[in-house]
Asker: 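Structure provided below as structure tokens; questions to follow.
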Amino acid sequence: MKTLKFICMGLLGLMMSACSNGNLTPAEVAAKIDSHEPLTESDYSVMIDYCGDYAKSAQRYYDVINAAPSDSTAEYSDAASDLASLRASSPYIDMFRTAIYAASDDQIGARNVKKVNEYEKYEAFPLPDGSGKSLNIPGEVGVIEDMPDTDTSGVIADPDGIVVDKK
């Protein structure tokens, strides 16, 4: 009888640890990033969903801001204030964006790349315009915002100003 009880308790413990391991919170994933632990597809899923949820919430404010005739309207000010509050309540957004864009499609996983493509319709996802690496353009490592006026030696970019990894 004691052996059966021991086996049942062991199985219950294994099931609980397996269930809790798959449902990481954003804070737990952030701790993994801070401690430089290897990230799994599940970790990337948490990060992408976090950034996607932020982008969905932020979109309504961007819609108001973009539709406002000037930045001096009450609607614009309210939306900008609400957007700043949303941003302040999303402490991992920059960390997760950086981690996502430092990873390859293989690290992120095909299912997560599909999620990224779905979330890209939102203005706040995945990165502000002009920064980061696109998952859809192979070899892109960033964007050149200003070309130098004179010496352009050493500048490697395509005509659109996308820095291309020529290695």
Asker: Under 3.5 Å, is there a donor-acceptor pair linking the side chains of T40 and D43?
Answerer: yes
Asker: Could you report the tightest heavy-atom contact between K121 and Q59, atom names first, then the distance?
Answerer: O-OE1, 4.4 Å
Asker: Could you report the tightest heavy-atom contact between Y122 and A55, atom names first, then the distance?
Answerer: CB-CB, 3.7 Å
Asker: So, do N112 and E41 sit near enough that their side-chain heavy atoms are less than 4.5 Å apart?
Answerer: yes
Asker: Can you name the salt bridge (Lys or Arg N to Asp or Glu O under 4.0 Å) partners of K114, sequence neighbours left out?
Answerer: none
Asker: Identify the heavy atoms of A124 and A58 that sit nearest to each other, and give their distance.
Answerer: CB-CB, 3.9 Å
Asker: Nearest 0.5 Å, please: how far is CZ in R97 from SG in C51?
Answerer: 6.0 Å
Asker: Hey, what do you get for CD1 (I108) to OH (Y101), rounding to the nearest 0.5 Å?
Answerer: 7.5 Å
Asker: Would you please name every residue forming a salt bridge (Lys or Arg N to Asp or Glu O under 4.0 Å) with R87, sequence neighbours left out?
Answerer: D94
Asker: Would you sort out whether D34 and M95 count as a side chain to side chain contact (heavy atoms under 4.5 Å, CB included), showing the intermediate values?
Answerer: CA-CA 9 Å; D34 282 338; M95 175 189 284; 3.2 Å; yes
Asker: So among Y119, F125, F96, which one has a ring pair (Phe, Tyr, Trp, His ring centres under 6.0 Å) with Y50?
Answerer: F96
Asker: List the residues meeting salt bridge (Lys or Arg N to Asp or Glu O under 4.0 Å) with D53, not counting sequence neighbours, and say none if there are none.
Answerer: none
Asker: Spell out, yes or no, whether I48 and I33 are grouped together once hydrophobic residues are joined by side-chain heavy atoms under 4.5 Å, including indirect joins.
Answerer: yes
Asker: Testing the basics here: between L24 and V46, what is the closest heavy-atom pair and its distance to 0.1 Å?
Answerer: O-CG2, 3.6 Å
Asker: Checking the side chain of Q107 only, and the main-chain atoms of S104 only, is there a donor and an acceptor separated by less than 3.5 Å?
Answerer: yes
Asker: Between M47 and L39, is the side chain to side chain contact (heavy atoms under 4.5 Å, CB included) condition met? List the steps.
Answerer: CA-CA 11 Å; M47 291 187 284; L39 299 173; 3.9 Å; yes
Asker: Say you draw a straight line from CG of L83 to OH of Y62; how long is it, rounded to the nearest 0.5 Å?
Answerer: 5.0 Å
Asker: Indicate if V113 and V29 have the same hydrophobic cluster label, given that clusters are the connected sets of ILVMFWY residues with side-chain heavy-atom separations under 4.5 angstrom.
Answerer: yes
Asker: Looking only at heavy atoms, which two atoms of S70 and S72 are closest? And how far apart?
Answerer: OG-OG, 2.9 Å
Asker: Identify the two heavy atoms, one from A68 and one from T73, that lie closest to each other, and give their separation to 0.1 Å.
Answerer: CB-OG1, 3.8 Å
